[in-house]
Structure formats: C-alpha cells, structure tokens
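Please read these numbers as outputs of a predicted model, since none were measured by experiment. Just so we're on the same page: letters track the sequence lines, and every chain starts at 1.
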4 protein chains.
Amino acid sequence: MVGGGRGAFIGAVHRHAMALDGQIEVVAGALSSDPDRARASGRDIGLRDDRNHGTWQALLDDELRRPAEERIDFVAIVTPNHAHYDVARAFADAGIHVVCDKPLVHSSAQADELVRIARARDIVFAVTYNYIGYPMVREARDLVRAGAIGAIRKVIVEYHQGWLATAVEAQGNKQAGWRTDPARSGPVGAMGDIGTHAENLLVTVTGLEVQGLCADLASLVPGRVLDDDASLLLRLRGDVRGVLLASQIAAGCENDLRLRVFGSTGTLAWRQEEPNTLVHAPLDGPRRLLTRGSPWLGRVAGASVRLPSGHPEGFLEAFANIYLGIAADIRARHDSRQLGPEEREYATVEDGARGVRFVEATVASARSDRKWTALAEPAAG
Amino acid sequence: MVGGGRGAFIGAVHRHAMALDGQIEVVAGALSSDPDRARASGRDIGLRDDRNHGTWQALLDDELRRPAEERIDFVAIVTPNHAHYDVARAFADAGIHVVCDKPLVHSSAQADELVRIARARDIVFAVTYNYIGYPMVREARDLVRAGAIGAIRKVIVEYHQGWLATAVEAQGNKQAGWRTDPARSGPVGAMGDIGTHAENLLVTVTGLEVQGLCADLASLVPGRVLDDDASLLLRLRGDVRGVLLASQIAAGCENDLRLRVFGSTGTLAWRQEEPNTLVHAPLDGPRRLLTRGSPWLGRVAGASVRLPSGHPEGFLEAFANIYLGIAADIRARHDSRQLGPEEREYATVEDGARGVRFVEATVASARSDRKWTALAEPAAG
Amino acid sequence: MVGGGRGAFIGAVHRHAMALDGQIEVVAGALSSDPDRARASGRDIGLRDDRNHGTWQALLDDELRRPAEERIDFVAIVTPNHAHYDVARAFADAGIHVVCDKPLVHSSAQADELVRIARARDIVFAVTYNYIGYPMVREARDLVRAGAIGAIRKVIVEYHQGWLATAVEAQGNKQAGWRTDPARSGPVGAMGDIGTHAENLLVTVTGLEVQGLCADLASLVPGRVLDDDASLLLRLRGDVRGVLLASQIAAGCENDLRLRVFGSTGTLAWRQEEPNTLVHAPLDGPRRLLTRGSPWLGRVAGASVRLPSGHPEGFLEAFANIYLGIAADIRARHDSRQLGPEEREYATVEDGARGVRFVEATVASARSDRKWTALAEPAAG
Amino acid sequence: MVGGGRGAFIGAVHRHAMALDGQIEVVAGALSSDPDRARASGRDIGLRDDRNHGTWQALLDDELRRPAEERIDFVAIVTPNHAHYDVARAFADAGIHVVCDKPLVHSSAQADELVRIARARDIVFAVTYNYIGYPMVREARDLVRAGAIGAIRKVIVEYHQGWLATAVEAQGNKQAGWRTDPARSGPVGAMGDIGTHAENLLVTVTGLEVQGLCADLASLVPGRVLDDDASLLLRLRGDVRGVLLASQIAAGCENDLRLRVFGSTGTLAWRQEEPNTLVHAPLDGPRRLLTRGSPWLGRVAGASVRLPSGHPEGFLEAFANIYLGIAADIRARHDSRQLGPEEREYATVEDGARGVRFVEATVASARSDRKWTALAEPAAG
C-alpha cells in the first residue's frame with residue numbers, strides 16, 4: 001500500500017474493505033510521503049519492519065528483490081491525486097498489478113500512458129470507483145442490459161455533499177486542504193473528487209459513454225479557487241440526453257449520490273444513502289422495490305451480497321462493533337483491569353440470562369388465562 | 001469457534017465481523033457437530049490442521065494443553081441453540097472467555113448456572129445480541145440516559161420477518177429446519193429467534209427491565225409446532241407500558257426491527273433497515289433526523305463509526321466487492337486465464353482514463369462560450 | 001347541522017367536505033348548545049335567519065313544519081359525544097336521515113336503540129368514520145375481498161397522536177377539554193376518540209369482526225382521569241390475531257394512523273399520513289407501491305379520486321389557497337384598497353409575463369450554439 | 001368561467017378549489033369553444049339558462065349588460081393555452097378581474113399587452129400557478145426571506161411526469177392531444193405545460209429572477225413535434241447558479257415537482273408529492289422536518305392550512321368521499337331504491353353500534369384480571 005497513513009480517511013477504508021472477506025492481507029507499505037510518518041503509520045497497522053518503507057521507491061525496490069512467492073500480489077495507491085501517476089507508472093512498469101484510487105491522474109496524456117503500460121505488461125490495473133460495487137447498482141446495470149426498461153432516453157446522475165459549504169480548508173481540515181488545492185488535487189475540485197464517481201456510475205449502469213457536454217462550474221464559497229459546484233448537460237452515445245450535478249456546498253447533504261435512468265418502457269432509480277433498494281417503475285404497472293438479497297434478483301447482484309435481505313449491509317459493522325467491545329474487555333482483563341458496566345459495549349451473560357427468563361415468562365403467559373405474568377427474579381450472584 | 005461450518009449463515013457473519021477491524025483472527029475451531037464436516041469446514045476457512053478439530057471437546061482439550069501465549073483469547077459459540085449450554089459451560093469452567101450466540105440457553109436454571117460460573121471464573125462472557133452495536137442505537141441509549149426525552153412512558157418494539165410465511169422447513173431449508181424444531185430450538189420459535197433480540201434492544205435503550213407481561217403466541221402456518229407469531233403487552237419497571245411484537249409470517253417484511261420510545265418530553269424512533277438515522281421528536285420543535293457520523297452525536301455513537309455520515313455502513317461491503325473483483329482477476333492471471341470484460345467487476349485503467357477525458361472536457365466547456373464540447377477519443381490501444 | 005359552531009374543529013371539516021363536490025349545501029342549523037353562540041355561528045356561515053336556530057329542538061320542529069320539498073335531506077350531528085344520542089334519536093324518530101360523528105354513543109344500550117329506530121324508520125344513518133373514505137383504503141379492502149393476500153392471519157392497527165402529551169386540557173385547550181372530561185367524552189378518552197377509528201378501519205378493510213380482546217389502558221399524563229394510551233390484543237373472527245394500539249401521548253406523532261394486514265400470500269400496509277400509497281407485498285415478488293389514480297387500481301378506488309396520480313389530494317387545498325388569495329384581492333378592490341406585493345398570495349399577470357419570456361429564452365437557447373441566452377427585460381409599466 | 005367543460009381536467013379542479021371554502025360560486029359560463037358542448041357542460045354544473053352561454057363573447061356581452069351587483073366578480077379562463085389571449089384581453093379591457101390558467105400566452109408581446117391593460121384598468125389579473133398555494137411552499141419562501149438559509153448559492157427545480165412516455169396523443173388522449181399540438185399548445189410542450197410551473201416555483205421561493213439560461217430541449221418519443229424533455233442551466237440574479245429539469249417521459253413519475261435551495265447557512269427541500277413536509281437542513285445541526293400545521297411555522301403558512309398537522313390535506317377529500325357515499329344512499333331512497341351493503345361507501349349506525357360494544361369490552365378488559373374478554377353480541381334486528 002502506498003499512502004493511507006495516519007489521518008488519511010480513504011486508506012483506512014481500503015484496509016477495512018480488504019479485510020472483510022479474509023482474502024487480502026496488507027503485508028508491505030510506504031504509507032506517507034513523509035518517511036517518518038510513513039514508518040510510524042506502518043507500525044500502527046502491524047507491518048513488519050523489513051516491509052515498512054519510508055518511500056514508495058524503497059518499497060518497489062524491495063519487492064522486486066524478493067522472490068515471486070513472497071512478493072505482493074498488487075499495490076494499492078491511495079495517495080492524494082497528484083502522486084498517483086509516478087507511483088502507478090513505476091509499479092505497472094515493473095509488472096506489478098495496480099489498484100489506484102480515483103481520479104486516476106490529471107491529464108489524458110498521463111492516463112493514456114498508464115493504459116498503454118498496463119496493456120503492454122498485461123497487468124490488472126483497477127481504479128477504485130467503489131460505488132459500482134453495490135449489489136443494487138450491479139442489478140441496475142444488468143436490468144438495463146436485459147432490456148428491462150427498453151431503450152434509454154435520459155439519464156440524471158447527482159452527487160451532493162455539504163461538507164465544503166464553508167471554507168473548512170482554511171481551518172486546518174486535512175481532507176479539505178488537499179481537495180481544494182490545485183497543486184495537489186489537479187485542475188478541478190468537486191468534479192474530480194465526486195463528479196468522476198458520478199460519471200463512472202452513469203457509464204457503468206447505462207453502458208453509454210459521454211460524447212459531448214456543456215458545463216457550468218462554480219466556486220461558490222468565497223476564497224476557494226477550484227470548483228465546488230458543477231452542473232453539466234450531457235449527450236451520451238445514441239443522442240441520449242443526460243444531466244450531471246455535483247456539488248460539495250449542498251448544506252445538509254451527506255453523501256447523496258443518486259442515479260435515475262429513464263427508458264422507453266420503464267425507469268430505474270437508485271440512491272447511495274439507501275443502497276439496498278432499487279426502484280423499478282415499469283410503464284405498465286406499479287413501482288417495484290427491488291431489495292438486496294431477494295430471490296428475484298439477477299445472478300451478479302445475488303453473488304454480491306453477504307447477508308439476507310433486510311439486513312442492511314451496515315449490519316456487519318454493527319456486529320463488528322460488538323466484537324470490538326468484547327475485545328476491549330478481554331484486553332482489559334489481560335491488563336488486570338475490569339471495565340465498568342457502562343463501558344461494556346456488548347451484552348453479557350447476565351443479559352442473556354434475563355432474555356431466558358423473559359422467554360420463560362412469555363411461554364407461561366401464553367398458556368395462562370390470567371392477564372399478567374410476572375418475571376422471575378434473577379438468581380442471586 | 002464452535003459451530004459455524006458449511007451452510008451455516010451466522011458463523012460466516014461472525015467471521016466477517018471479526019475480520020473487519022483486523023483485531024481478531026480465527027485460529028482454531030470445531031465447526032460442526034459432524035466431525036468430517038467440521039474438519040472440511042475448518043479447511044475452507046484456512047485453519048491449520050493441528051487446530052482444526054472434529055469435536056468441541058477435542059478443541060477444548062487441545063487449547064488447555066497449549067501454553068498461554070498461543071492459546072485462544074476466547075471461544076465463539078455459534079451452534080444451534082440446543083448445543084450452547086454444554087459448550088459454554090465447559091469453556092467457561094476452564095477459564096476461557098466466551099462469546100455465545102443468542103438466545104443463550106433454554107431454561108433459566110441453565111442460564112443462572114452460566115452466570116454463576118462466569119462470575120466465579122471472572123471471565124468475559126458475551127451474548128451476541130448484535131443489534132445494540134449500531135451507532136444510532138447507542139446514541140438512542142445515551143440520549144435516554146441524558147434525559148433528552150424526559151421520563152419514559154411507553155415503549156413499542158417490533159420485529160417482523162416474512163421468510164417463514166410458508167412451511168419452508170418442509171422443503172429442506174436448513175435455517176428454517178432447526179428454528180422450527182422444538183428439539184433444537186427450545187420451547188419457542190419466533191420468540192427465541194427474534195423476540196429475544198427485541199427484548200434486548202428495548203432493555204438496552206431504555207434501561208428498564210420487563211417486570212410483567214401478557215403474551216399471545218400463535219403458530220399461524222399450518223403444521224408448525226412452535227410459535228411463528230407473538231404479541232405481548234409489557235409492564236416495565238416504574239409501571240412503564242410496553243408492547244412487543246415479533247412475527248416471522250409477515251410476508252414482505254425482511255428484517256424489520258423497530259423501536260419507538262415515548263417520553264414525557266419527546267420521542268425516539270429507530271429502524272434497523274435504515275440504521276443510520278435516529279428520529280428524535282422533541283415536544284417543542286420539529287422532528288430531527290440524527291444521522292450516523294454527524295458532529296452533534298454523543299461520544300459513544302461517534303466512536304462506533306468507521307465512515308463519515310452519508311456513507312451508509314454497507315459502503316464498506318460495496319468497497320470490499322470491488323476488491324473481490326480485483327482479487328478474482330489477479331487470481332485468474334495467476335492461473336494464466338483472463339477475465340472477459342463482462343466478468344470484470346471493477347473499473348479498469350481504461351475507465352479511469354475515460355474519467356480523465358471527461359474532466360478535461362468539463363474544464364474546457366466551463367471556459368467556453370459554445371454550448372457543446374465534444375469528448376476526445378481515447379488513444380488507440 | 002347540529003353543533004359545529006365557532007371554535008369547533010370538526011364542524012368546519014364537515015362543511016369543507018360537504019362543499020367540495022357541490023352536491024351538498026348547509027341550509028339550516030343549531031350550531032351550538034348555547035343559543036346565542038348558535039345563532040352567531042349560523043350567521044358566520046350564511047344561514048338564513050329563519051333556519052338558524054338556538055336549539056336543536058327548534059331546528060327539528062321547524063323542519064317538520066316545512067313542506068317536504070324544502071325540508072333538509074339529512075341532519076349532520078357534530079356535537080361533543082355526550083349530546084349525540086338525544087339528537088340522533090329525535091331526528092331518526094322523525095324519519096330524517098342522520099349523519100352522526102363518531103363515536104356514536106356511550107353505551108351499547110343506546111347504540112342498539114338507534115339501530116332499532118333506524119331500521120324501523122328505514123332511514124340512512126351514517127357514522128362519520130372518515131378514514132375509510134381514502135381511495136387507497138377502499139383499494140385495500142377490495143384487494144382483501146379479491147383474495148390478493150390469501151387468508152388473513154394477523155392484523156396490526158395503530159393510531160398515534162402526540163397532542164395530549166402534556167396536560168393541555170388544564171391550559172384552556174377546548175378540544176382537549178371535552179375529550180379528557182368523563183362527563184362529556186364518556187367512559188374512555190383515547191379509545192373513544194381515536195381507538196374507534198382504528199377499530200373501524202380494521203374491520204372495514206379485513207371484513208373480520210373483533211370477537212375477544214385483552215386491553216391495557218393507561219392515563220400517562222399526571223392528573224388525567226381518562227385513558228390517553230391503549231394497547232390491545234385482539235382475536236378476530238376465524239381465530240385471526242390482532243393488535244390495536246392507540247395513544248395520544250406519543251410526542252412527535254401527528255395523526256399517525258397505520259394498518260398492516262398479513263395474509264397467507266401477501267401483506268398490505270397503509271399509512272394515513274401518506275394516504276396516496278398502498279404497499280402490497282406479495283409473497284413471491286418485490287413490494288409494489290400502489291398509488292391513487294393509477295390505471296391498475298380497482299373500480300371503487302378509481303371512482304374515489306378527483307385528481308390524477310401524483311397530485312396528492314391536498315393539491316385541491318393548495319389550489320383553493322390560490323383562489324382565497326385572489327378573492328382577498330378582489331374584496332380589497334371592492335373596498336377601494338390595494339394589497340401590497342407581499343400580501344398578494346397568488347401569481348399576477350406580471351408573473352405570467354415573466355414565464356412567457358422564460359419560455360421564449362428557452363426556445364431561443366435550444367436553437368442556439370452559444371452557451372448562454374439572456375432573458376429579455378420586461379416591457380416598461 | 002370560460003372553458004372547462006365536459007372532459008376537461010383542469011376546469012373541474014378549478015371548480016372544486018373554488019367550492020372548498022364556500023366563498024366563490026360559479027354563476028355564469030361559456031364552458032367550451034363548441035356552443036352545444038358549452039351549454040350541455042353548463043347544465044351539468046347547474047348554471048341557470050340565462051347565464052349559460054355558447055361563446056365567451058356572448059358571456060361577456062351578457063355580463064356587461066347586467067347591473068354591477070349581479071355581475072360576476074371575476075372570470076376564470078381555463079381553456080387550452082392558445083385561446084387565453086383573446087379572452088383575457090377582452091374581459092380585462094372591460095374592467096372585469098381575470099383569473100387565467102398558465103402558461104399565460106405564447107409570446108411576450110401578448111403578455112406585455114395583458115400586463116399593460118391590467119395596469120391601465122387597475123384590475124386583479126391572476127395566473128393560476130397553483131403550486132405556490134401549498135402551505136409549506138409559502139413557509140419555504142418566508143424562511144428564505146427571513147434569512148434562515150443565508151445567501152442563496154444554488155437552486156435545483158425538477159418536474160418529472162411519465163404520462164407522455166408513449167405516444168398517447170395518437171391514441172385519442174384529449175389532454176395529450178392539445179398539449180403536444182403546436183397549434184394549440186404554442187411553441188413548447190413540456191416546457192410550457194410544466195416547465196413554467198417549475199420556473200414560477202423557483203422564482204416565488206427564492207425571490208430571484210432568471211437572467212440567463214442554457215437549454216437542451218428534446219422530443220424523445222418518436223413522432224412528437226414539441227419538446228417532451230427539457231434540461232436547463234440557469235443564472236439567477238446575483239450570479240446564483242440554477243438547474244431546471246422538466247420531463248414528461250419519465251416513466252413511473254407521476255407529478256414529481258421538487259425544489260432544493262442551497263444557501264450559505266442551510267438548505268431547504270420540498271417535494272409536491274409529500275407536500276406537507278419541508279426539510280430544513282441547517283449547516284450546524286440535524287435536518288428538521290417542518291410539517292404543515294405545526295405551531296413553530298411562520299404566519300402565512302399557518303394561515304394557509306385548514307386542518308391540524310398530521311391530517312394530510314387529502315383528508316378533506318376522503319371526508320368528502322364519505323359524504324358522497326351518504327348522498328348516494330339518500331338519493332337512492334328518494335328514488336325508492338336501497339343500496340346493497342357492498343354499495344354503501346360509508347359507516348352505518350350498525351358500524352357505530354359495533355364500535356360502542358368494542359369500547360365497552362375494552363373498558364371491561366382493562367378492569368379485569370382475566371386475559372380475554374369477549375365482545376357482546378349485537379342486539380337482534
């Protein structure tokens with residue numbers, strides 16, 4: 001992993017995502033452009049000293065020296081945007097598979113060069129447009145391919161955030177700092193940060209590329225140089241009409257990415273903040289709510305879920321929170337401490353026992369003609 | 001880990017939850033009551049042979065033989081309900097921390113015995129009521145404690161599922177099979193499976209225990225022995241009124257767990273299928289939508305999130321889906337295969353390059369007086 | 001009309017509802033139990049002096065003296081509950097059709113007597129349970145009758161309001177005053193005021209009567225005598241299970257009446273605060289959102305709408321607000337006054353002209369290759 | 001009233017809206033451009049013969065002949081768009097107040113002429129942009145004026161309908177016929193029909209006029225001449241950015257008019273299909289749901305409601321449906337017929353009596369220690 005050290009948001013997200021299925025392990029890294037910070041960050045996440053590097057060049061050199069069987073399978077590049085190109089080119093050129101955060105690079109010349117190298121070296125080169133990983137986005141794409149809404153006529157994609165509605169970059173917010181700085185973020189702000197997600201979602205689901213556009217970019221917060229608001233009219237292949245809106249000054253919006261695809265026989269609508277539901281409105285019947293994990297979904301969406309329907313995918317995080325609470329308590333015992341009742345963020349055996357008495361009273365009441373059944377007192381400790 | 005082998009739903013959920021934060025690793029197990037199946041399941045998840053056992057007794061014996069530093073920190077018991085007691089008692093008695101699935105056991109005599117042992121051996125003994133791990137459930141609990149809704153007057157907790165609306169247990173559904181079988185599930189069906197979650201959620205958030213109840217249990221699907229529907233009136237401590245509804249025949253409901261707490265100065269409402277929002281209705285102002293990750297949340301809820309507001313926690317799973325797609329492609333290369341474009345479930349460098357051209361056209365259009373700006377053609381491969 | 005004078009909420013609602021379709025006109029009344037207030041209220045709504053009475057007895061006497069062709073078609077009784085019986089009996093006995101507010105009376109002896117008279121005199125005797133007038137409630141009832149959800153297994157009806165969460169009756173609130181006073185409201189509070197609506201909705205949609213029940217009533221606001229909270233377990237005909245919840249202390253709830261009907265092949269759910277949508281969850285497919293005015297609705301629901309789908313029925317009230325604004329301006333002109341721009345609650349011809357220029361610029365822009373088209377200036381006044 | 005005869009949708013809406021508050025009565029009309037149809041339509045709505053005219057010219061002549069005290073207060077023009085101008089000019093010129101449907105006319109020359117006459121004759125001239133009559137739209141406007149969201153930065157208004165997603169005009173749909181016909185609808189289709197509503201809503205709430213725009217119009221249904229889809233970028237006064245989307249080919253959308261206003265300190269969002277809620281997202285706290293009828297609304301919104309919060313304004317229509325059912329039964333009795341039980345679309349006295357027995361059983365149960373209380377049988381008829 002290159003980048004993603006202390007204080008970086010997206011690096012931690014990548015590591016959580018890698019960990020989830022137990023198939024991927026972070027074994028080596030250069031986690032910051034500052035060598036000391038890089039090594040400190042590497043120690044935080046448990047990298048061995050001989051694979052914890054101060055620079056990405058040292059990481060690459062070291063990997064190339066190692067025999068193939070202990071070499072990394074791929075590099076994940078999660079630096080600020082301006083550093084993507086050099087790192088990606090070097091690893092790709094060395095024949096190492098690359099996973100690079102979006103937006104890929106700042107110019108199409110650079111992008112075309114990376115495409116060329118990836119093809120020449122025949123490597124996997126992924127760009128982590130992550131929103132297309134939602135099961136219901138895949139279902140939407142497959143429904144479009146299967147003709148469920150006929151010929152596409154118009155597409156509207158929106159991405160609204162509100163966290164840049166004030167000049168937080170002037171108040172020390174690190175995330176805002178590099179995103180609003182032309183030197184590190186490139187020629188665009190909101191368009192690069194979130195507009196590219198919107199474009200990729202639109203193209204992935206519809207299968208239609210953008211052929212022409214008419215853009216209105218604005219820097220609406222006083223003092224800001226890069227765009228924080230964008231409104232675009234689009235022409236997609238086949239003269240299909242499109243609209244793309246991306247804004248980071250939309251106070252009250254959190255991460256409101258939405259897609260609507262209007263076809264000749266129906267409409268699909270999806271919203272990232274309620275990702276488990278895809279609305280399908282056929283022309284000739286009521287709107288249908290397609291939900292993740294339902295038996296009537298397509299093959300790919302079906303294969304993309306870890307939990308049954310109705311268990312929102314945050315279910316796993318909530319479950320993991322319980323395990324974090326348990327681990328904290330076990331660690332405290334290792335240190336001969338004991339957590340107080342208000343610090344224990346999980347249910348104890350006493351809670352379990354209480355549940356058993358509750359069920360026993362339920363069964364007794366269900367068999368009784370009397371209105372109220374009292375619960376038994378817990379056994380004395 | 002005891003239980004949770006091939007075909008078990010909840011065992012895999014536990015493993016995903018353990019993996020998420022990189023703090024917990026499954027190193028030993030007896031994953032089924034059938035020894036062959038146990039060992040095959042252990043191999044599936046990568047257990048070393050010497051820690052992959054055919055029975056839980058063998059697992060326990062082996063752990064006790066090992067030096068403390070390589071012994072497991074805790075055992076996770078994820079078997080069907082009827083097997084909880086023996087396993088939990090044996091590990092607890094041996095002084096090993098226990099994580100046991102809910103409902104704990106079938107009788108309060110057994111439950112009290114486990115409480116006694118846990119206290120005597122001074123171990124961590126957790127019961128995985130997982131819904132209290134949601135950040136907004138913790139926020140609700142903390143708001144109640146802080147007096148945000150005054151004195152609690154009435155509580156309504158509901159848990160509706162529809163997957164047992166037909167006799168799927170007669171059609172070979174393994175999950176339905178043991179849950180509707182008194183020999184394996186205990187004296188209750190829906191009440192044990194989901195009613196106990198509802199009770200625990202209610203008690204956790206309100207801090208009020210159930211003192212009396214009036215229950216109406218029903219087996220509404222023909223041929224079913226255990227309850228699949230339950231309606232209870234409750235009296236909580238302090239003469240607070242309560243209602244608990246739990247049903248598994250609610251066709252169209254997926255995993256619809258809801259809680260409403262009515263206090264003297266306001267109301268709180270939460271719904272598991274939209275877990276990131278907590279509705280707070282103060283008596284003297286409009287309803288407020290509290291969302292996970294907001295700066296105005298309390299300390300515990302704030303510490304329970306991995307992502308900013310607006311990123312529903314399923315975001316991580318979607319992200320992990322991208323990594324699964326990348327891993328699949330890298331594996332294919334190892335095997336000298338190549339995935340076709342429709343099999344590649346992630347964005348490639350070509351997609352990234354397309355995004356760069358899109359941004360370039362956006363910037364050109366924003367500076368142009370002409371209405372339409374065409375996108376550049378990709379460089380030839 | 002008997003009752004419904006100055007300060008009465010429901011009397012005005014009845015008159016708006018009568019006016020809407022232009023089929024019913026209020027021509028006579030005794031609008032209060034206080035003769036002076038009655039006559040003043042009658043003048044407010046434009047009753048002729050000879051048909052504006054101080055007592056309901058005078059109204060009845062006068063009507064009976066008149067020839068049939070100028071006699072009222074029916075009487076609407078919108079008094080507080082305790083006065084229903086005497087008025088209804090007298091008019092029914094005189095052979096005049098009766099429309100009486102709910103709950104009908106306070107005892108089944110009185111109710112049975114009214115049923116007897118209505119049958120003997122062969123009159124129309126309606127009780128204004130108004131919620132069954134929603135098109136989507138009628139659709140739900142007709143879907144149940146048509147077998148769309150199979151055999152009904154369980155029904156949950158809830159009615160939550162929050163306006164009695166504090167002792168507003170002690171602060172001069174007239175509506176709260178009589179509703180919490182046993183002398184005027186009868187033996188029950190919330191159960192009579194809103195629980196009866198819930199019962200009627202349940203019976204109307206399911207076609208199943210309540211045969212037994214188990215009730216928990218509470219007066220949760222200190223000092224209140226009648227129930228302000230009710231939780232009931234129900235047994236409906238055919239051993240169908242039911243739950244009825246009615247509460248007026250649910251802070252933050254406005255008029256939250258909901259119905260869920262679980263059948264052997266599907267579920268129906270409706271909510272009064274979003275009355276235009278009926279959710280139908282079939283066992284074997286995704287949830288369907290049935291909306292008022294859709295072509296795929298049944299005959300009765302189709303006949304119960306005045307507007308196309310998507311025009312929520314409040315559309316008419318919004319439209320009527322515009323006409324009120326216009327009428328206010330015309331009245332001001334009659335009085336040789338002129339409303340200021342901020343007082344004019346409707347769009348003027350200048351607004352219309354602005355819209356025309358907007359469309360003209362749109363057409364010009366659509367035909368132009370230039371990015372921006374300016375709007376023409378309005379002609380000088 | 002001019003126009004609005006048999007088969008016209010909007011004419012009936014105007015009459016319902018006029019009737020609602022009992023302040024406006026339709027006394028004269030020329031309800032169609034076809035004299036026979038006009039007179040038949042007038043008889044349908046109960047116009048007296050001497051005020052039921054075959055042409056609008058005859059109507060105007062007749063009115064001018066009448067003494068002022070029996071002359072109409074205003075004329076409502078609800079014809080197809082192309083007829084607005086001549087009628088409006090003639091009545092305005094005669095000094096009669098005018099209410100004209102939108103869009104006002106087809107050219108700004110005509111519009112300016114009407115503005116000139118209205119000023120010269122000092123008459124009320126209203127254009128029925130009806131969506132600004134919603135209480136929560138007025139609240140939004142007043143919140144903007146009061147500075148609740150600071151300086152406006154961006155505005156998005158959308159109006160999506162789906163009823164023209166197929167060429168229904170070729171299948172005899174009268175509404176679609178004139179709206180897609182350049183001869184009757186003017187130079188635009190969707191933009192005139194619904195885009196003008198969107199523009200007016202935007203201007204009314206923000207108080208900002210459109211100064212420049214960039215439009216993309218499309219006729220997406222094969223064979224259609226006028227636009228059925230429009231996407232516009234806007235510049236509002238003060239360099240505020242705007243987007244206006246209007247489409248009638250959005251399958252599955254019913255009447256989906258939405259407005260979002262982003263300011264420097266907060267955001268307002270409103271949606272016509274859930275008109276009773278206005279979302280206010282302040283920069284420094286959670287989203288607030290402002291609902292019609294709440295005590296914390298502003299003066300104008302407060303004065304624009306007829307019902308308490310939680311009673312969606314369709315409540316009145318549902319109530320009126322009950323009265324229609326009662327009127328149908330009374331009419332049947334006049335005709336010596338009797339409606340069958342399934343035809344009676346209201347609750348009868350027997351239903352009321354059942355409700356009384358239900359309440360009596362509730363009270364008995366609440367006082368009983370036994371679990372179940374049976375309901376009494378109804379008295380024999």
Side-chain angles (χ1 to χ4, degrees), chain C residues 16-20 22-23 73 97 104 108 111-112 114-115 118 124-127 129-130 133-134 187 191 196 199 212 214-215 217 254-255 275 304 309-311 313-314 316-323 326-327 329-330 346-347 349 352-353 355-358 362-363 365-366 371-372 374 379, chain D residues 16-20 22-23 73 97 104 108 111-112 114-115 118 124-127 129-130 133-134 187 191 196 199 212 214-215 217 254-255 275 304 309-311 313-314 316-323 326-327 329-330 346-347 349 352-353 355-358 362-363 365-366 371-372 374 379:
Chain C
H16 282 304
M18 290 174 182
L20 191 62
Q23 301 191 6
D73 283 299
H97 301 304
L104 181 58
S108 52
D112 289 342
L114 293 181
V115 169
V124 169
F125 192 126
V127 181
Y129 288 119
N130 53 288
Y134 278 109
M191 268 309 293
T196 48
E199 184 262 359
C214 172
L217 299 187
E254 298 181 341
N255 198 46
S304 303
S309 63
H311 297 73
E313 302 217 282
L316 280 183
E317 285 89 340
F319 219 118
N321 281 341
I322 299 296
Y323 269 108
I326 294 166
D329 202 1
I330 291 176
Y346 65 92
V349 67
V356 172
R357 284 192 300 278
F358 179 74
T362 299
V363 173
S365 171
K371 199 182 229 175
W372 296 104
Chain D
H16 283 303
M18 290 173 182
L20 192 62
Q23 301 190 7
D73 283 300
H97 301 305
L104 181 59
S108 51
D112 289 341
L114 293 181
V115 169
V124 170
F125 193 126
V127 181
Y129 288 118
N130 52 288
Y134 279 108
M191 267 310 293
T196 47
E199 183 262 359
C214 171
L217 300 187
E254 298 181 342
N255 198 47
S304 303
S309 61
H311 296 72
E313 301 219 280
L316 281 183
E317 285 87 339
F319 218 119
N321 281 341
I322 299 295
Y323 268 107
I326 294 166
D329 202 359
I330 291 176
Y346 64 91
V349 68
V356 172
R357 284 193 300 279
F358 179 73
T362 298
V363 172
S365 171
K371 198 182 231 173
W372 296 105

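Residues passing the ring-ring contact (aromatic ring centres under 6.0 Å, His included) test with D:Y129 are D:H197, sequence neighbours excluded. Applying the side-chain hydrogen bond (donor to acceptor under 3.5 Å, both in side chains) rule to C:S108 yields the partners D:E360; only residues at least two apart in sequence or on another chain are considered.
Chain C forms more heavy-atom pairs under 4.5 Å with one residue of D:P187, D:A118, D:C214 than with any other, namely D:C214.
Heavy-atom distances place both the backbone and the side chain of C:A374 under 4.5 Å from chain D. Looking at C:T362, the atoms closer than 4.5 Å to chain D (heavy atoms on both sides) sit in the backbone and in the side chain alike. Contact of D:A126 with chain C is made through backbone and side chain together, with heavy-atom distances under 4.5 Å.
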